[in-house]
Amino acid sequence: MLSLSLAGVEVRFPGLETPGLRIERLEIPAAAQVVLSGPSGSGKSTLVNVITGLLRPAAGAVSWNGTDLAALSEPVRDRWRGANVGLVMQDFHLFPGLSARENVLLPARLARVAGKETVARAVALLERVGLSRPDQPIETMSRGEMQRVAVARALLRAPGVIVADEPTASLDPVNGAAIGTLLRDLARQSGATLIVVSHDPRLIAAFPRRIALADGTVSADETLSEAG
Amino acid sequence: MLRFIFADLRRLWPGAVVVVVLVALAVALGATVTLQERALRLGSARASDKFDLVIGAPGSETQLVLSTVFLQPAALPLMHGDILQRLNADPRVAWAAPVGFGDSFDGYPIVGTSRALLRDTASGVSLGRIFAAEGEAVVGAAVPLAPGAHVASMHGEADTGGQMHEGVGYRVVGRLAPTGTPWDRAILVPIQAVWHVHDLDAGQDGAAAQGHDQAPGGVADHDPADGLFELDAPLDETWGEIPPGLPAILVKPKSIADAYALRREYRLRPDTVGVFPAEVLTGLYAMMGDARSVLSAIAVGTQALVAAALLLVAVIHVGQRRRQIGALRALGAPRWAIFGIVWGELSVLLLAGAVIGLGLGYLAASLMAQAFSARQGFPLPVEFSRDDLGGLALLGAASVLIPLIPAALVWRQPPLAAMRS
């Protein structure tokens, strides 16, 4: 649903000569499924931060369907991210003391956008990711289950883009594969653009378009005619 | 948001309990000081209310009040017995009652006085009747003796080496209704009996009594084997003959103007002094007020220390949860919501601590007041007053303002902190 267009983006870190990220041009069409890879320090995380509006680039435009994040103030970017980006992080960032359902609903509730249908959707999403006990306390869950909760949380507000930062890095291979499949299926079903950062070869192999980063720039951008 | 706050507090309950306890203890300290000081002031003022004018020999006015109103055992100088005669004949005086101290029974002071005082000041007799003969006694409401009980008389007090008056005993004939004064702990006997026990008699030259030592624990300077005391001797309260020397006379003036005139007259005499107990207590309160300021300053200082310590803990805690807080922001929670969580969570703890502390302070002050009442005989009213509103408002304000500091730190923290470093 959301297409991304980067132009002349540059991010610099204090004390470093070369830019942390420098991308002249990058287009990701709506509903595309893209994997970003590269060695650590190559700028993957910086790119994720830029395209989710967590980090404002020193120069350039980060446009989602024409909305330039680089031009928005921090609260507006926060609001935009909440409504349009489904974020899945390596460390889950689930909150102990709350149930699976409460965790799924927490960001929406804090943003005061959790109506009745959102609450119903949370339970449906948990079922969709394979969890049948929405009221199970989060701290009693396995890591694989936790990441499923995080995926359900990312999808709650029907985001236009799902961004997953190393979603399988802290999971065993079986759970990792399951999460990868889940993300791709859910993105396809909802029509959301899917951008995954990973160095997991099996996950990378599943994606039709693979963008490799090195030293803060795009070193390779290949699209296979057929996804694995 | 509340759900999240309570889930968080439940998870971190040991820390939360420590914070609440710290706040509660600091607040309780301040509350106890304030409540206890007020209780002491109000209680002693109310206890002295019933005593209009006290006439005594020149000396410490404070001691005169402490001895007559609060029955504190101490040596009082004596004045000439004819003062009682003069006061009784004075048209401005409703009644004047002599009081004599020095003896005790089982820790309760034995006070010699007249029937006039019992008739007109006490709230009435709850059991039996007032004394009518030399060997009869009436007990205050707080003395655990029933009519018919026998009271032996000891010069001074047992724990300071008192000495028994051999062969002297009173028969309790009545019990007074509570008056709310230290006199509730007194055993009241005819003053004539006190004189006779101490070998003094009306008609003796009052000056001869001047040497009598009223000090508790002092070796009695008279023959304990007594000849004058007779159990059934009738009471003469017309004071027709010059009474022996007296430590104090309680005077009930007919009007306020009479009270001031009498006090002035007896202050001008070289051999007497007249005091309004309430006025003397006011002077004492001024001194107690200074002590209270010191205690209050210590309490406020303690509270400031606790506030600073909690602030430190809160700032460190918020720092440790940078990533978690950043994650909430990254996931779309607005910064005001995070601000609200941090502020709300700490405010809940501080307010809970403040409320518990006020309760604890009230409880502590009440227990202290009870112990004090049991010892001194008059009640201490532990109560919050309008004067506390300022302090309470300040406490409430601090409870909701201090958490703004860590909340502001969180407000400034970028959501990027959630991501991998």
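Quick note on labels: first sequence line is chain A, next is B, and so on, each numbered from 1.
Between A:R112 and B:P334, every side-chain heavy-atom pair lies at or beyond the 4.5 Å cut-off. In this structure, the side chains of A:F95 and B:L328 come closer than 4.5 Å at one or more pairs of heavy atoms.
Interface with chain A: from residues 294-307 of chain B, no residue qualifies, criterion being any non-hydrogen pair under 4.5 Å.
With respect to the salt-bridge test (charged N to carboxylate O, under 4.0 angstrom), the residues A:E139 and B:R11 do not qualify.
Across A:G97 and B:A7, no two heavy atoms sit closer than the pair O-CB, 3.7 Å. The minimum heavy-atom distance linking B:Q324 with A:P96 is given by the pair NE2-CD, 4.4 Å.
With values rounded to the nearest 0.5 angstrom, A:L98 atom CG is found 8.0 Å from B:R10 atom CZ. Atom CD1 of B:I341 is separated from atom CG of A:L110 by 4.5 Å, given to the nearest 0.5 angstrom. For the atom pair CD of A:E74 and CZ of B:R335, the computed distance is 4.5 Å after rounding to the nearest 0.5 Å. In this structure, A:R153 CZ and B:L331 CG are separated by 4.5 Å, a value rounded to the nearest 0.5 Å.
Only the side chain of A:R81 has a heavy atom closer than 4.5 Å to any heavy atom of chain B. Heavy atoms of A:P75 lying under 4.5 Å from chain B are absent altogether. If you measure heavy-atom distances from A:R77 to chain B, you find no contacts under 4.5 Å at all.
Between chain B and the options A:P107, A:G82, A:A108, heavy-atom pairs under 4.5 Å are most frequent for A:P107.
Remark: A:D215 CG is loosely packed, at most 12 non-hydrogen atoms of other residues, nucleotides or ligands lying under 6.0 Å away. Annotation for B:R375: atom CZ counts as buried by contact number, over 12 foreign heavy atoms lying within 6.0 Å. B:W13 CH2: 12 or fewer foreign heavy atoms inside a 6.0 Å radius. At most 12 heavy atoms of other shown residues, nucleotides or ligands fall within 6.0 angstrom of atom CZ in A:R22.
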Extract all donor-acceptor atom pairs below 3.5 Å that involve side chains of residues 115-123 of chain A and protein atoms in other chains or at least two apart in sequence.
residue : atom : partner : partner atom : Å
A:T118  : OG1  : A:G115  : N            : 3.3
A:R121  : NE   : A:L156  : O            : 2.6
A:R121  : NH2  : A:L155  : O            : 2.7

